[in-house]
Amino acid sequence: MKRTTPLLTLLTGTGMAAVLFAMSAQAAPRTVDAGAAAPAASPPGAAVASPAAPAAEPDADPAAEPEATPAAPAPGQPGPAETTPPTTAPPAKQADSNWTGRLDGGATIAITVTDGKAVAYVCDGRKLEVWLNGTAADGRMKLTGKKGEVLTGSFGDGVASGEMVVGQRRWKFTAKQTGKPDPVLYRATAQQRRAGVDGGWIMLPDGSQIGVVTRDGAPVPAPPLDPAFGTTILDGRTVTASPVVADPGSGA
């Protein structure tokens with residue numbers, strides 16, 4: 001009995017050692033392969049690092065972009081519309097001159113133009129007279145009278161020509177440009193017209209005059225006008241007139 005006691009003690013110690021070794025082996029952490037293991041999940045709220053961008057090649061220019069080439073239109077389809085810049089019409093070339101001449105019916109005509117505004121006066125020196133107003137630019141003129149008279153024509157190279165229409169009657173006219181800046185047309189002043197006397201005078205290149213004066217509605221041949229003073233005498237009374245510039249009624 002005494003001999004078996006040490007043996008039992010030895011066996012008991014050996015068993016205890018085996019048990020402790022097994023427990024120690026189970027408690028030790030397992031070695032994980034870093035290349036095969038999946039990355040651990042990040043805790044909530046943690047920032048996830050972005051993978052680093054690959055480095056640009058040395059010869060690559062990050063600012064350079066290939067030029068876009070417009071695609072060719074499909075067969076049968078119209079190409080892109082071309083944008084045409086707006087064009088501005090040049091301003092009209094205004095006339096600034098005087099012409100005197102005759103109608104084929106025998107009457108005399110004077111046309112004066114200032115800044116593109118035209119005035120014409122037609123008279124026969126006895127009782128016929130017509131005032132017309134309009135424009136003259138780019139070699140063309142058109143004027144109208146208070147009773148529907150119409151004068152149209154063209155001008156250039158020192159000559160104006162055209163036609164005057166009064167009702168059913170028509171007359172051709174031709175007028176030459178005057179070489180002097182002196183007025184070729186006078187009219188009784190507005191004050192004179194309010195007093196019942198109206199009249200017009202055409203100053204011709206040879207120094208002669210022709211005109212008609214209407215007094216109380218009755219036309220008579222105009223007496224000679226002194227252009228230096230703009231006056232004449234009619235039945236013992238002085239009648240004043242002024243040069244016509246743009247409007248036959250503009251004389252003061």
Just jot down the salt bridge (Lys or Arg N to Asp or Glu O under 4.0 Å) partners of Lys172, sequence neighbours excluded, or say none. Glu163
Can you tell me how far apart [atom1] ([X]) and [atom2] ([Y]) are? Round to the nearest 0.5 Å.
| X | Y | atom1 | atom2 | answer |
| --- | --- | --- | --- | --- |
| Asp104 | Met164 | CG | CE | 9.5 Å |
| Asp198 | Trp131 | CG | CH2 | 7.5 Å |
| Gln192 | Ser242 | CD | OG | 10.5 Å |
| Thr240 | Asp226 | OG1 | CG | 12.5 Å |
| Phe173 | Ile111 | CZ | CD1 | 4.5 Å |

Kindly work out whether a path of hydrophobic side-chain contacts (I/L/V/M/F/W/Y, heavy atoms less than 4.5 Å apart) joins [X] to [Y].
| X | Y | result |
| --- | --- | --- |
| Val184 | Val212 | yes |
| Leu234 | Ile202 | no |
| Tyr186 | Val245 | no |
| Leu103 | Met203 | no |
| Leu225 | Ile210 | no |

Which atoms form the tightest heavy-atom contact between [X] and [Y], and what is the distance?
| X | Y | answer |
| --- | --- | --- |
| Thr112 | Asn98 | OG1-OD1, 2.6 Å |
| Ala222 | Trp201 | CB-NE1, 3.4 Å |
| Gln209 | Pro227 | NE2-CD, 4.3 Å |
| Ala136 | Met141 | CB-CB, 3.9 Å |
| Gly211 | Cys123 | CA-SG, 3.8 Å |
| Gly125 | Pro221 | O-CB, 3.3 Å |

Apply salt bridge (charged side-chain N to carboxylate O under 4.0 Å, His left out) to the pair Asp138 and Arg140, showing each step before the final yes or no. CA-CA 6 Å; Asp138 290 333; Arg140 306 293 299 178; over 6 Å; no
What's the verdict on side-chain contact (heavy atoms from CB on, under 4.5 Å) for Ile233 and Val239, showing C-alpha distance, side-chain angles and the deciding distance? CA-CA 6 Å; Ile233 302 299; Val239 177; over 6 Å; no
Show me the donor-acceptor pairs within less than 3.5 Å that the side chains of residues 142-161 make with the rest of the protein, sequence neighbours left out.
| residue | atom | partner | partner atom | Å |
| --- | --- | --- | --- | --- |
| Glu149 | OE1 | Lys147 | N | 3.0 |

Is there a donor-acceptor contact under 3.5 Å from the side chain of Trp99 to the main chain of Thr174? no
Can you tell if the side chain of Thr214 reaches within under 4.5 Å of the side chain of Pro219, non-hydrogen atoms only? yes
